[in-house]
Amino acid sequence: MKLTLGFSPCPNDTFIFDALIHHKIDTQGLTFDVDYQDVETLNQKAFQGELDITKLSYHAFAYAAKEYELLDAGSALGFGVGPLLITKDEALATRLRQLLEAGGNMSEHEEKLSIGIPGRYTTANFLLGLAFPTLQNKVELVFSDIENALLGGRIDLGLIIHENRFTYQVKGLHKVVDLGDYWERTTGSPIPLGGIVVKRSLDKALKLQINSLIRESVQFAFEHPRSAIDYIRSHAQEMEEAVMYKHIELYVNKYSENLGPQGREAIQQMFDKAVALGIIPQFTDELFLTR
């Protein structure tokens with residue numbers, strides 16, 4: 001049986017799914033037609049119900065929960081893994097950081113600052129709204145273009161995710177705040193970034209089988225971390241091998257193998273907070289795939 005599967009070409013996703021799609025584990029008769037896309041494109045595809053299984057942002061999941069339910073395996077959660085708000089203007093970085101720490105209000109000029117975001121429905125944008133709710137002059141860009149847009153003066157601030165958190169400093173850019181750290185300090189929970197969802201319409205036994213296979217693929221990757229290196233490199237942006245593995249170590253952890261009670265609690269906490277603030281719509285469907 002062939003299923004459609006969407007995930008990003010970033011090292012964490014290719015590391016997780018290598019064993020599954022290349023049959024390094026027994027896939028029990030299942031094969032996968034892979035669609036490689038940036039996370040916001042995957043979010044949009046989920047809204048249209050295009051893929052059987054897909055990676056998406058947890059923010060976007062709130063808008064796709066009627067069509068999909070969340071698997072226990074394959075997620076990106078953790079401490080110290082959040083998106084970064086950055087700028088080319090060091091004085092501006094200092095000013096905004098002080099405002100956040102003091103709980104102060106932005107000036108009218110500061111509220112009009114343009115900010116490049118990796119997509120409206122990304123978890124990064126959700127976290128930005130929690131920290132800086134009055135920053136609304138947003139420009140949607142592919143995540144890998146945000147640094148260059150800052151350097152070229154096309155935007156004032158940039159919200160970066162993935163491997164860009166390892167490269168912005170060498171380009172002369174400055175951190176305003178780590179939004180994951182902000183979340184952790186205010187909630188005490190790991191930050192839910194992205195998860196793997198499966199169509200609700202699929203047979204329950206099949207959904208459980210898919211979840212089990214993704215978990216096995218993660219376990220294989222942990223046990224054979226060099227096995228996927230050529231595959232990872234072929235899809236990654238131009239980056240050194242050390243950066244690729246830093247990226248993997250940051251985003252692939254125990255929550256990728258199994259959300260567990262703490263991971264599920266963090267996700268539920270995020271959704272409850274977002275509903276209470278009116279950031280996402282109220283939902284009634286069960287979020288998690290259950291046995």
Side-chain angles (χ1 to χ4, degrees), residues 2-25 27 30-61 64 67-78 81 83 118-119 121-124 142-144 161-164 192-199 202 206-207 209-222 225 227-237 239 244-245 247-253 255-259 263 267 289:
K2 179 174 283 189
L3 297 164
T4 52
L5 167 64
F7 56 87
S8 83
C10 294
N12 59 307
D13 283 349
T14 48
F15 179 80
I16 283 174
F17 287 103
D18 169 64
L20 180 73
I21 66 170
H22 294 123
H23 300 281
K24 296 177 182 180
I25 60 172
T27 60
L30 298 183
T31 59
F32 300 90
D33 184 7
V34 179
D35 189 0
Y36 301 98
Q37 301 288 349
D38 69 276
V39 68
E40 184 66 358
T41 300
L42 292 172
N43 291 341
Q44 295 294 333
K45 283 178 175 283
F47 299 155
Q48 302 302 317
E50 291 185 19
L51 299 166
D52 297 317
I53 312 151
T54 187
K55 173 78 172 281
L56 48 50
S57 302
Y58 274 113
H59 183 191
F61 182 36
E67 187 78 21
Y68 292 94
E69 54 195 321
L70 181 67
L71 298 181
D72 257 336
S75 280
L77 286 83
V81 299
Y121 295 102
T122 58
T123 302
V142 176
F143 78 91
S144 54
I161 57 177
H162 300 320
E163 59 268 23
N164 296 113
L193 297 172
I196 308 299
V197 296
V198 62
K199 273 196 169 179
L202 295 178
L206 176 59
K207 290 185 286 189
Q209 180 185 11
I210 292 164
N211 188 67
S212 177
L213 290 175
I214 294 175
R215 179 175 294 122
E216 285 185 43
S217 189
V218 175
Q219 291 169 341
F220 183 95
F222 283 151
S227 176
I229 184 62
D230 291 337
Y231 174 55
I232 295 167
R233 185 182 288 117
S234 70
H235 288 282
Q237 292 185 51
M239 67 175 81
M244 289 193 296
Y245 276 95
H247 181 107
I248 292 165
E249 289 168 8
L250 193 66
Y251 295 110
V252 187
N253 52 39
Y255 300 111
S256 306
E257 187 174 344
N258 189 342
L259 285 172
I267 294 161
L289 174 65

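- The two residues Glu40 and Gly119 come nearest to each other via the heavy atoms CD-CA, 3.4 Å.
- The two residues Asn253 and Phe222 have their closest heavy-atom pair at O-CZ, 3.7 Å.
- Taking CG of Leu193 as the start and OG1 of Thr123 as the end, the distance is 6.0 Å to the nearest 0.5 Å.
- Residues passing the salt bridge (charged side-chain N to carboxylate O under 4.0 Å, His left out) test with Asp35, sequence neighbours excluded: Lys45.
- When side chains are defined from C-beta on, Val252 counts as touching Ile16, because their heavy atoms get closer than 4.5 Å.
- Residues Val39 and Ile161 are in side-chain contact: their nearest non-hydrogen atoms beyond the backbone lie under 4.5 Å apart.
- With a 4.5 Å cut-off on side-chain heavy atoms, Tyr245 and Ile229 count as touching.
- In terms of heavy-atom proximity, Gly49 sits nearest to Lys199 at O-NZ, 2.8 Å.
- The CG atom of Leu3 sits 10.0 Å away from the OG1 atom of Thr27 when rounded to the nearest 0.5 Å.
- Between the side chain of Asp18 and the main chain of Ala221, no donor-acceptor pair closer than 3.5 Å is present.
- For the salt bridge (charged side-chain N to carboxylate O under 4.0 Å, His left out) test, no residue two or more places apart in sequence or in another chain qualifies with Glu216.
- Judged by distance alone, with hydrogens and angles left aside, the side-chain atoms of Thr4 form a donor-acceptor pair with the main-chain N or O of Asp52 at under 3.5 Å.
- Between the Tyr58 side chain and the Leu77 main chain, no donor and acceptor come within less than 3.5 Å of each other.
- With Ser75 contributing its side chain and Tyr255 its backbone, the two residues share no donor-acceptor pair below 3.5 Å.
- A pairwise comparison of heavy atoms in Ser8 and Asp13 identifies OG-OD2, 2.8 Å as the closest pair.
- Side-chain contact check for Thr122 versus His59: every heavy-atom pair is 4.5 Å or farther apart.
- Two residues are said to be in side-chain contact when any heavy atoms from C-beta on lie closer than 4.5 Å; Leu30 and Leu206 meet this criterion.
- Scanning all heavy atoms of the two residues, the minimum distance from Ala46 to Thr54 falls at CB-CG2, 4.2 Å.
- Taken from CD1 in Ile196 to CG in Leu289, the straight-line distance is 13.0 Å, to the nearest 0.5 Å.
- Looking only at side-chain heavy atoms (C-beta outward), Gln37 and Gln44 stay at 4.5 Å or farther from each other.
- Rounding to the nearest 0.5 Å places CG of Leu71 at 11.0 Å from OG of Ser212.
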TODO: Determine, stepwise, if the pair Tyr231 / Ile21 fulfils side-chain contact (heavy atoms from CB on, under 4.5 Å).
DONE: CA-CA 11 Å; Tyr231 174 55; Ile21 66 170; 2.9 Å; yes
- [ ] Please report the C-alpha distance between Tyr36 and Thr14 in whole Å, then the side-chain angles of each, then the deciding distance to 0.1 Å, and finally whether the side-chain hydrogen bond (donor to acceptor under 3.5 Å, both in side chains) criterion is met.
- [x] CA-CA 10 Å; Tyr36 301 98; Thr14 48; over 6 Å; no
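- For the atom pair OH of Tyr68 and NZ of Lys207, the computed distance is 12.0 Å after rounding to the nearest 0.5 Å.
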TODO: Show your reasoning for whether ring-ring contact (aromatic ring centres under 6.0 Å, His included) applies to Phe32 and Phe17.
DONE: CA-CA 10 Å; Phe32 300 90; Phe17 287 103; 8.4 Å; no
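- In this structure a side-chain-to-backbone donor-acceptor pair under 3.5 Å is missing from Asn12 to His247.
- Closest heavy-atom contact between Pro118 and Phe143: CB-CB, 3.8 Å.
- Taking CG from Leu42 and CD from Glu50, the interatomic distance works out to 10.0 Å, rounded to the nearest 0.5 Å.
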